[in-house]
Amino acid sequence: MKKIQTGMMNFFNITAYLAKLNLLWLLSTLLGGVIFGVGPATAVTLRYLHIFRTTGHDYESREYFQAYKKTFRQFAPLGLAILIVFSLLLLNFRIMALYFSTIAWIIPIYAVFAILLLYTLILSVITYAKSDSPSFRQAVYVSIFMVFRFPFQGLALLFSWYLLLLLLSAKTSIFLIFGVSLFLFFGEFFHHQMIVKINHLNIKRGASSEEHTSNQSL
């Protein structure tokens, strides 16, 4: 019985925190005028989701807005740039649908390219938001490696987002309460799994190089 009660309490704590972060994300995005606020709000939400999932620490709203102010200059241009890229991809897709509809293969190929590009950009933002490195270029390099090194985790993430989109589009109230924080929660979770795998690969490479060095010395 205690296990059931503990599990229910943990579930309610997680849902309450997701709702809280979603509300803070909405307020922060509006505070930055949407186009400038979406980047910093997303970065802080990702960071706090990672800390909550790994340590269980629940940050207060005051701490969230303090972190939002600190990261505003860093992530506001990045968020705006990604919005521009997304808008251009949609515009190009519309143009292709109007003027190249007779070419059967071009739209599916463009759709795959657009999804791959957006997925890489999203992974880059997650990597950049969670790391202490100031270089976004380094985050892009790591994300490109993850895209091609861990395709099954990427497909699982995209499929999870697709199911969430179907669920939340059917229930607008759920989307308003949990929408963005749920998407970011799944993104951060799968991203963490890929980072763990990269760390294991680095450990194996380090062990093999040390073994090779010792063999050469012998």
Could you pull out all donor-acceptor pairs under 3.5 Å where a side-chain atom in residues 79-100 meets a protein atom, sequence neighbours excluded?
residue : atom : partner : partner atom : Å
S87     : OG   : L83     : O            : 2.8
N92     : ND2  : L88     : O            : 3.3

Determine whether a donor-acceptor pair (N or O, by modelled atom type, separation under 3.5 Å) exists between the side chain of [X] and the backbone of [Y].
{"X": "N22", "Y": "L182", "answer": "no"}
{"X": "T71", "Y": "Q74", "answer": "no"}
{"X": "E63", "Y": "E60", "answer": "yes"}

**OP:** If a pair satisfies ring-ring contact (aromatic ring centres under 6.0 Å, His included) and one of its residues is in residues 33-52, list it, with sequence neighbours excluded.
**Re:**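 Non-adjacent pairs meeting ring-ring contact (aromatic ring centres under 6.0 Å, His included): Y17-F52, Y48-Y59, Y48-Y64, H50-H192.
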Please verify the inter-ring angle class for [X] with [Y]; under 30° counts as parallel, over 60° as perpendicular, anything in between as tilted.
{"X": "F185", "Y": "F189", "value": "parallel"}
{"X": "F136", "Y": "Y128", "value": "perpendicular"}
{"X": "Y68", "Y": "F65", "value": "perpendicular"}

Rounded to the nearest 0.5 Å, what separation is found between the [atom1] atom of [X] and the [atom2] atom of [Y]?
{"X": "S181", "Y": "F183", "atom1": "OG", "atom2": "CZ", "value": "10.0 Å"}
{"X": "I198", "Y": "I203", "atom1": "CD1", "atom2": "CD1", "value": "12.5 Å"}
{"X": "T54", "Y": "L49", "atom1": "OG1", "atom2": "CG", "value": "10.5 Å"}
{"X": "L176", "Y": "L168", "atom1": "CG", "atom2": "CG", "value": "10.0 Å"}
{"X": "S61", "Y": "L24", "atom1": "OG", "atom2": "CG", "value": "4.5 Å"}
{"X": "I115", "Y": "Y119", "atom1": "CD1", "atom2": "OH", "value": "12.0 Å"}

Only pairs under 3.5 Å count here: list side-chain donor-acceptor contacts from residues 141-153, not counting sequence neighbours, and write none if there are none.
residue : atom : partner : partner atom : Å
S143    : OG   : L123    : O            : 3.2
S143    : OG   : S124    : N            : 3.1
S143    : OG   : S124    : OG           : 3.3
S143    : OG   : T127    : OG1          : 3.4
S143    : OG   : A139    : O            : 2.8

Would you mind writing out the side-chain donor-acceptor pairs for residues 37-44 within the sub-3.5 Å range, not counting sequence neighbours?
residue : atom : partner : partner atom : Å
T42     : OG1  : W25     : NE1          : 3.0
T42     : OG1  : V38     : O            : 2.6

Subject >> Among L164, L163, L158, the one residue meeting side chain to side chain contact (heavy atoms under 4.5 Å, CB included) with F186 >> reply: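 Filter result, single survivor: L164.
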**OP:** Test I126 against every option in I195, L184, L121, L46 by the side chain to side chain contact (heavy atoms under 4.5 Å, CB included) rule and name the one that passes.
**Re:**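 Among I195, L184, L121, L46, the one meeting side chain to side chain contact (heavy atoms under 4.5 Å, CB included) with I126 is L46.
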I'd like to know if [Y] and [X] are part of one continuous hydrophobic network [Ile/Leu/Val/Met/Phe/Trp/Tyr, side-chain heavy atoms within less than 4.5 Å].
{"X": "I51", "Y": "L23", "answer": "yes"}
{"X": "F190", "Y": "L116", "answer": "yes"}
{"X": "W161", "Y": "L167", "answer": "no"}
{"X": "F113", "Y": "L155", "answer": "no"}
{"X": "V34", "Y": "V125", "answer": "no"}

**OP:** With sequence neighbours excluded, tell me which residues meet ring-ring contact (aromatic ring centres under 6.0 Å, His included) with F178.
**Re:**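 Here no residue qualifies.
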Original post:
Listed by chain and number, what are the side-chain hydrogen bond (donor to acceptor under 3.5 Å, both in side chains) partners of K130, not counting sequence neighbours?
Top reply: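 For K130 the side-chain hydrogen bond (donor to acceptor under 3.5 Å, both in side chains) partners, ignoring immediate neighbours, are E188, H191.
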**OP:** Report the C-alpha separation of F75 and L78 in whole Å, then their side-chain angles, then the decisive distance to 0.1 Å, and conclude whether the side chain to side chain contact (heavy atoms under 4.5 Å, CB included) test is met.
**Re:** CA-CA 5 Å; F75 283 94; L78 181 59; 3.9 Å; yes
